[in-house]
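Below you'll find the structure, written out as structure tokens, and then a few comments.
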Amino acid sequence: MTNINSNLKQILDQRNISIRQVSRDIDYRFDSVRQLYNNENKNYPRELLTKLCVYLNVTPGELLVLEIEDPDC
């Protein structure tokens with residue numbers, strides 16, 4: 001199985017930034033940022049990803065990662 005997962009929790013935890021602070025700073029709904037932080041998204045809003053990448057100075061590939069599970073496991 002292959003999944004796209006969020007690295008937002010790791011990035012924010014390393015920088016000691018709260019979800020609420022990010023939400024205020026990028027002017028985006030808290031619940032949407034929280035869902036991405038908790039890796040609960042089924043879809044990834046382009047506007048949210050753009051704002052987060054600019055705010056955190058990261059690339060989309062740093063924010064989201066493709067995880068491929070070994071089918072033989």
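Predicted model, so just to flag it, every value in this text is computed and none were measured.
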Asn41 meets the side-chain contact (heavy atoms from CB on, under 4.5 Å) criterion, sequence neighbours left out, with Gln35, Leu36, Tyr44, Pro45
Indicate the atoms forming the closest heavy-atom contact of Cys53 with Pro60, along with that distance. SG-N, 3.6 Å
Spacing of Ile68 atom CD1 and Thr2 atom OG1 [to the nearest 0.5 Å]: 5.0 Å
From Leu8 atom CG to Leu64 atom CG, the distance as rounded to the nearest 0.5 Å: 9.0 Å
Do Ile4 and Val65 touch side chain to side chain, with heavy atoms closer than 4.5 Å? no
Pairs where residues 18-29 contributes a residue and the test side-chain hydrogen bond (donor to acceptor under 3.5 Å, both in side chains) is met, not counting sequence neighbours: Gln21-Arg24, Gln21-Asp25, Asp25-Tyr55, Arg29-Ser32
Contact list for residues 58-67, test side-chain hydrogen bond (donor to acceptor under 3.5 Å, both in side chains), sequence neighbours left out: Asn5-Glu67, Thr59-Glu62
Hey, mind stepping through Ile11 and Tyr37 against side-chain contact (heavy atoms from CB on, under 4.5 Å) and telling me if it holds? CA-CA 9 Å; Ile11 293 169; Tyr37 179 88; over 6 Å; no
Atom pair CD1 (Ile19) and CG (Asp31), whose distance is rounded to the nearest 0.5 Å: 10.0 Å
Go through the steps for Ile26 and Leu52 under the test side-chain contact (heavy atoms from CB on, under 4.5 Å), then give the verdict. CA-CA 7 Å; Ile26 67 171; Leu52 286 170; 3.9 Å; yes
Residues pairing under salt bridge (Lys or Arg N to Asp or Glu O under 4.0 Å) where one sits in residues 40-52, two or more places apart or in two chains, turn out to be Arg34-Glu40, Glu47-Lys51
Does one hydrophobic cluster hold both Leu66 and Leu63, with members joined at side-chain heavy-atom distances below 4.5 Å? yes
From Asn7 CG over to Asn39 CG, what is the distance, rounded to the nearest 0.5 angstrom? 9.0 Å
